[in-house]
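Everything on this sheet refers to the single structure shown next.
Whatever order the structure lists them in is the order used to number ligands and atoms, beginning at 1.
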Amino acid sequence: MSNHQIESASPHVLPSLPYADNALGPVISANTMGFHYGKHHKAYVDNLNKLVAGTEFADLTLEKIIAVTAGKADKTAIFNNAAQTWNHTFYWRSLSPKGGGEPPAGLKKRIEASFGSVDACKKELATAATTQFGSGWVWLVLDGDTLRVVKTGNADVPLTKGMKPLLTIDVWEHAYYLDYQNRRADYVNAVLDKLVHWGFAEDNLDS
Ligand SMILES: [Fe+2]
């Protein structure tokens with residue numbers, strides 16, 4: 001499913017997970033999923049619906065809300081909840097119980113052209129994840145013709161910077177603390193080795 005299908009309008013709904021809540025174990029436990037998807041992601045959706053009800057944003061799609069509120073100091077709460085709703089839906093799709101391994105041929109060629117090798121790309125993602133100070137996200141994006149790794153703080157999303165997200169890893173503490181405590185690097189490396197859904201990233205290249 002491509003990122004351009006995250007296009008819900010008000011009332012925004014919490015999309016179903018693309019797998020069972022215990023399917024990502026042991027890398028990400030059902031306990032983490034229960035809090036992360038069932039509480040955190042749900043809260044962003046619920047808060048967004050409350051914030052946009054009866055406003056000029058009520059009939060806009062999620063991506064449109066993100067686009068028109070980005071960088072506006074008086075719309076921070078709406079932006080944060082809209083972007084976090086989008087980011088989490090994109091994150092769940094960036095993972096798969098059958099993830100990890102080698103990217104499909106088309107994506108692999110693009111990764112090798114931009115990073116030299118798949119391992120170099122994974123290393124850059126891991127480094128970005130461990131050097132993101134505080135809460136945020138790490139992304140593989142298409143920037144012009146080049147694949148790049150970028151990191152964003154808090155709710156920020158590369159969509160607002162003209163880049164096309166291909167996949168993401170959530171590095172907020174709520175993504176890993178129950179399973180890894182403070183060991184963010186262990187969480188990210190396990191995700192990259194076992195869960196990262198390269199096929200989703202490849203689909204997004206052409207979406
Ligand atoms: Fe999260």
Subject >> Thr160 (side chain) donor-acceptor with Ala67 (main chain) under 3.5 angstrom >> reply: no
**OP:** Going by the side chain to side chain contact (heavy atoms under 4.5 Å, CB included) test, name the single residue among Thr89, Asp46, Ile65 that passes it with His12.
**Re:** Ile65
**OP:** Would you mind counting protein N, O or S atoms that sit less than 2.8 Å from the Fe ion (ligand 1)?
**Re:** 4
Original post:
Per the ring-ring contact (aromatic ring centres under 6.0 Å, His included) rule, which among Tyr176, Tyr177, Tyr91 passes with His36?
Top reply: Tyr91
Original post:
Would you say the side-chain atoms of Glu202 pair up with the backbone N or O of Gly106, donor to acceptor, closer than 3.5 Å?
Top reply: yes
Original post:
Applying salt bridge (Lys or Arg N to Asp or Glu O under 4.0 Å), which residue pairs with at least one partner in residues 67-83 are found, sequence neighbours left out?
Top reply: none
Original post:
Can Ile169 be reached from Met163 by stepping across I, L, V, M, F, W or Y side chains whose heavy atoms are under 4.5 Å apart?
Top reply: yes
